[in-house]
Number of protein chains: 2
Amino acid sequence: MSTNSRMSVAVHVLAWIAYDRRGTDKEVGTSERIATSVNTNAVVIRRTLGQLKTAGLVEGSRGRSGGWQLARDAATITLLDVYRAVGEGEIFALPSAPPDPECYVGYGIHDVLTKTYRDAQRALCEELEKVTVADVLHNALALYITRSGH
Amino acid sequence: MSTNSRMSVAVHVLAWIAYDRRGTDKEVGTSERIATSVNTNAVVIRRTLGQLKTAGLVEGSRGRSGGWQLARDAATITLLDVYRAVGEGEIFALPSAPPDPECYVGYGIHDVLTKTYRDAQRALCEELEKVTVADVLHNALALYITRSGH
DNA sequence: TCTAATGTAACTGCGACTGTTACGTGATAA
DNA sequence: TTATCACGTAACAGTCGCAGTTACATTAGA
């Protein structure tokens, strides 16, 4: 499957912002700094942040000392929110060319598949809804502490 | 998301083969005939059938009067079998470039995401497992009868 | 007003998928 | 035995989406 990594980038970005940096020299979350952690280009981060902003998950301010903040508490942002924010659509695609309507099977197959896919995707979304950005951040930090020896 | 339509094509193909054509002039299921119903090229169908064959879902015979048959009863082939047969991989991808290991968040984020994705995908697979090729065929035929007036 | 950050257009490179042609291989009907 | 028919697969083109990058306008605080 040829999926994209926007979901992963978005969650990383949100977890990064959620991490409390008060008292450090990197207090302000800029696209440049976030890009360093994600290891990509700042424009990629800004594109993702634009989607998260449209979805009401983050707030950005321009100009000097601008940057990004969460619009809601990290514990209230689920991965389903993120999934929808980054515009992830259908997991399964129907062929671009419609099937032969004269064929007994072809006539209704697309409608049947559409319904089946919808059910499957609902199950996926319910699972994503169980996990919040705060969970992800917590688990990531736990790994940092237990594994890296810092 | 930029998914492919292999899953849809594969299910269509299996449902087409599962449909009982005894007594008709189209008794033998060839890639050419199946392609007509799916409205695509026969080679595309053969590629898909090759994967289904490898997975043990269909059996093909070559030569004159060759064609395709199901290797198992349609009621025992689930959409999860198909999903695996066509080599659908991960729904969500991680970025190709690894995150910054020096960053508190970047250090463990990929492992956390991987686990979360696995849980979500498991839920999806469980849903696909509930539906069989026989179900799809049955529902598609029902639509043909109730809607088309045939 | 200088500086630093966002917002976005535009372009490139890359890879995956679909569709197509072509041809070799295998098996059977005649 | 041979002609026919269907699979198996390589090879190629066209399309599309994503990721990365550069460039520049816009915005707003120090």
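Note on naming: letters A, B, ... go to the chains in the order of the sequence lines (proteins, then strands), and numbering restarts at 1 for each one.
Remark: P of C:dA29 and CZ of B:Arg62 are 17 Å apart, rounded to the nearest angstrom. The nearest whole Å value for the distance from the CG atom in A:Asn41 to the C1' atom in D:dT21 is 6 Å. Between the P atom of C:dC17 and the CZ atom of B:Arg6 lies a distance of 5 Å, rounded to the nearest Å. If you take NZ of B:Lys53 and P of D:dC7, they are 10 Å apart, rounded to a whole angstrom. One can place CZ of A:Arg47 at 10 Å from C1' of C:dA9, the figure rounded to the nearest angstrom. Atom pair B:Gln51:CD and C:dA16:C1' shows a separation of 13 Å (rounding to whole Å applied). Atom CD1 of A:Ile45 is separated from atom C1' of D:dT21 by 14 Å (rounded to the nearest Å). Taking atom CZ of A:Arg46 as the reference point, atom P of D:dG20 lies 14 Å away to the nearest angstrom.
Of the two residues near DNA chain C, A:Gly50 and B:Val43, the one whose nearest nucleotide lies more 5' is A:Gly50. Projected onto DNA chain D by closest heavy-atom contact, A:Ser65 and B:Leu49 fall at different nucleotides, the more 5' of which corresponds to B:Leu49. When each of A:Asn39 and A:Gly63 is assigned the nucleotide of DNA chain D with its nearest heavy atom, A:Asn39 is the one assigned upstream, toward the 5' end.
Considering all non-hydrogen atoms of both residues, A:Val9 and B:Pro95 come closest at CG2-CG, 3.9 Å.
Counted by atom type alone, A:Asp81 and A:Thr78 present one or more donor-acceptor pairs between their side chains at under 3.5 Å. Side-chain atoms of A:Tyr117 and B:Ser8 include a donor-acceptor pair closer than 3.5 Å. Under 3.5 Å, the side chains of B:Asp73 and B:Thr76 contain no donor-acceptor pair of N or O atoms.
Remark: B:Ser5 is in phosphate contact with C:dT18, judged by side-chain N or O atoms under 4.0 Å from OP1 or OP2. The shortest distance between the side-chain N/O atoms of B:Ser31 and the OP1/OP2 oxygens of D:dA6 is not below 4.0 Å.
The side chain of B:Trp68 approaches D:dG8 more closely than any other nucleotide in the set D:dG8, D:dA11, D:dG20.
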Between A:Asp111 and B:Arg147, does the salt bridge (charged side-chain N to carboxylate O under 4.0 Å, His left out) criterion hold? Intermediate values first, please. CA-CA 12 Å; A:Asp111 284 353; B:Arg147 284 209 206 140; 2.8 Å; yes

